[in-house]
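Quick note: residue numbers are just sequence positions, from 1. Computed from a predicted structure; not experimentally measured. As a basis for the values below, the full set of heavy atoms in this structure was taken, side chains included, without hydrogen atoms, waters or symmetry mates.
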Amino acid sequence: MSDTAAQDTSRRTALIVVCCTSFITPLMLSGVNVAIPAIAETMQADAVLLSWIPTAFLLTTAVFLLPAGKLGDILGRRKMYITGMVIVTLGSLLAALAGNIHVLIAGRFVQGLGTSLIATSGLPMLISLFPANRRGSVVGLTTSCVYFGLTGGPLIGGLCTDYLSWRALFVVHVPVVLVLFWVTLTRLQGEWTGESERRLDLAGAVLFGAGISALVYGLTKLPNLYSLGLILPGLALLTGFFQYEKRLSDPLLDVRLIFENRLFLFSILAALLLYSASYGLSYLMSLYLQYIQGLSAKIAGLVLVAQPIMMALLTPFTGRLSDRIEPRLLATAGLLLNITGYALLSLSDADTSLLYIILCLLTTGTGFALFSSPNMNAIFGAVGKGQLGTASGITNTVRVVGQMFSMAIITVVFAMNMGKVRITPELHPLLMDNISFCLGISALLAALAMLSSSLRGNMHKESRVRGQV
């Protein structure tokens, strides 16, 4: 086989593998939310412990995302990708076979570790393989797979829960992952690294991981006074992390890029606030539809598809549109739709029609589609070509941290207002109040995101200054 043919084979193989895993990972995330009531019944778990099922996954991903990306640059992205698939499979089996809620949460921690390796290796591996003039289409294709995974998750989660078992949801993807593992191992030849002489900033990784873990765990212990013994040290460790990274020539996180570039800073801040507002929505609506409305997991999954299907269908178009229309305008308009959707959902009660709920979810999905691609366009338009890798790493970290904060907010609200109790019919009115309160917080966070988006500046002007367009 000629070198050109071998390269084309590697490109096709890598694209198929990365697209498949880009679909499976969000499917694992969004599908589990639909199964929460069934897990609660089997495990006899309280509302606070249940919120740790998604939180554990996100916390581990957030802790390891930055060091995993650096390890991929040093040791090789293909190695990290293969290792990540093995770890995800082990975590999935542990969660599916769990005899109690604590083992299930442990399985989610392991899944999060594997996902951090996959997430930080897949796209850089593709960018290493494909020429610059095809990178945009490759990134767009993998992003669409992510949103289609979010679309299929609630439906597959509902079907597994109703017709098989919630345990099946944790292993339904395992055969596919094993096939992808075999294909990557045998058909994807070669290795791709960044700058192998660079070293992992272990001290920075420990500071960040310890800080974010202490902060999130401390928040879940509110309103107990001893929670401050975790929250305050967590904030101190994160402050120390930022100060430490500023002094390094090869940092784990280039914080100077964040604080010395207004367009980048406000674009990243808008993303952090919106992910903090939006990620917990499917969790809250799953509880609402099944506990308050009394729907089956299958029907709840079908309803929840309304939001991600709009994201999957519209995101490619809004991305192209942001090349012609200033991204700040599109993203800010999208955030206004998100505020409207969250505010209207917060007014729901047991008698609210499903049509109303679906229209609200369609509104938030459209808003997210208007925000997502234009905001990413603005982020990459804010930096030079030599900073694209750093910008990608920061963006991934902000996304996961925002998702984690979204679940942390829900955990805190439930812990303070409901405590460690099982959700029974007598508690449904209190559950409804907590859901409405969390959705109100989401609307407020989306409003802050809209303010940040409107203050970011003009990307097209900045790009012309940098000579990018």
Side-chain angles (χ1 to χ4, degrees), residues 22-43 45 47 50-51 53-55 57-58 92 95-96 104 108 111 144-174 176 278-314 341-342 345 348 350 352-366 368-369 403 406-407 410 423 428 431-432 435 438-439 442:
S22 295
F23 173 81
I24 288 171
T25 301
L27 184 136
M28 281 194 301
L29 270 171
S30 58
V32 169
N33 288 334
V34 179
I36 293 295
I39 294 172
E41 184 177 352
T42 303
M43 299 292 188
L50 289 174
S51 68
I53 295 174
T55 301
F57 182 97
L58 292 169
S92 300
L104 173 58
R108 295 292 280 168
Q111 281 186 319
S144 294
C145 289
V146 170
Y147 289 141
F148 277 112
L150 289 172
T151 301
L155 178 58
I156 292 175
L159 292 173
C160 285
T161 303
D162 277 355
Y163 294 112
L164 297 171
S165 163
W166 60 263
R167 296 181 186 275
L169 181 58
F170 288 101
V171 291
V172 68
H173 61 277
V174 168
V176 180
S278 64
Y279 179 75
L281 179 63
S282 63
Y283 178 84
L284 292 171
M285 295 311 297
S286 175
L287 297 180
Y288 168 77
L289 292 169
Q290 293 183 72
Y291 282 121
I292 307 301
Q293 291 273 11
L295 302 179
S296 67
K298 177 182 66 177
I299 300 302
L302 283 171
V303 173
L304 291 176
V305 162
Q307 174 175 285
I309 194 66
M310 296 303 294
M311 295 157 58
L313 294 175
L314 295 180
Y342 298 140
L345 283 172
S348 305
T352 301
S353 72
L354 281 184
L355 178 60
Y356 177 93
I357 299 299
I358 291 170
L359 288 174
C360 289
L361 291 174
L362 291 172
T363 300
T364 58
T366 302
F368 202 99
Q403 291 172 338
S406 183
M407 288 307 305
I410 294 170
I423 301 173
H428 284 183
L431 174 64
M432 185 70 251
I435 291 172
C438 288
L439 289 169
S442 292

Min side-chain heavy-atom separation Y283-L50 under 4.5 Å: yes
For T352, all residues meeting side chain to side chain donor-acceptor pair (under 3.5 Å), sequence neighbours excluded: D349
Residues in side chain to side chain donor-acceptor pair (under 3.5 Å) contact with T161, at least two apart in sequence or another chain: none
Residue list, side chain to side chain contact (heavy atoms under 4.5 Å, CB included) with S282, at least two apart or on another chain: N33
Residue pair I299 / Q290, side-chain heavy-atom distance below 4.5 Å: no
Spatial distance of atom CD1 (I410) from atom OG1 (T55) [nearest 0.5 Å]: 8.0 Å
pair Y342-S278: side-chain heavy atoms closer than 4.5 Å: yes
Which atom pairs, donor and acceptor, lie under 3.5 Å between side-chain atoms of residues 36-43 and protein residues at least two apart or in another chain?
unit_1	atom_1	unit_2	atom_2	d
T42	OG1	A38	O	3.1
T42	OG1	W166	NE1	3.1

Partner residues of F57 under the ring-ring contact (aromatic ring centres under 6.0 Å, His included) criterion, sequence neighbours left out: none
Any Q307 side-chain heavy atom under 4.5 Å of L281 side chain: yes
Flag side-chain contact, heavy atom, 4.5 Å: Q293 against V303: no
Shortest non-hydrogen separation from M432 to S348 and the atoms involved: CE-O, 3.5 Å
Approximate separation, where rounding is to 0.5 Å, of L284 CG and Y288 OH: 12.5 Å
Inter-residue atom distance L355.CG - L362.CG, 0.5 Å rounding: 9.0 Å
For M311 against A369, the heavy-atom pair lying closest together: CA-CB, 4.1 Å
Min side-chain heavy-atom separation L314-F368 under 4.5 Å: no
Shortest non-hydrogen contact from A297 toward V34: O-CG1, 3.4 Å
Minimum-distance pair of heavy atoms, taken over all atoms of V171 and A96: CG1-CB, 3.4 Å
Minimum side-chain heavy-atom gap L164-V172 below 4.5 Å: no
Minimum heavy-atom distance G157-L169, with the two atoms named: CA-CD1, 3.7 Å
By ring-ring contact (aromatic ring centres under 6.0 Å, His included) - contacts of F23 (at least two apart): none
Heavy-atom side-chain contact between S286 and L304 under 4.5 Å: yes
Shortest non-hydrogen separation from P26 to S22 and the atoms involved: CD-O, 2.9 Å
Stepwise side chain to side chain contact (heavy atoms under 4.5 Å, CB included) test for I435 and L345: CA-CA 9 Å; I435 291 172; L345 283 172; over 6 Å; no
Spatial distance of atom CG (L302) from atom CD1 (I358) [nearest 0.5 Å]: 9.0 Å
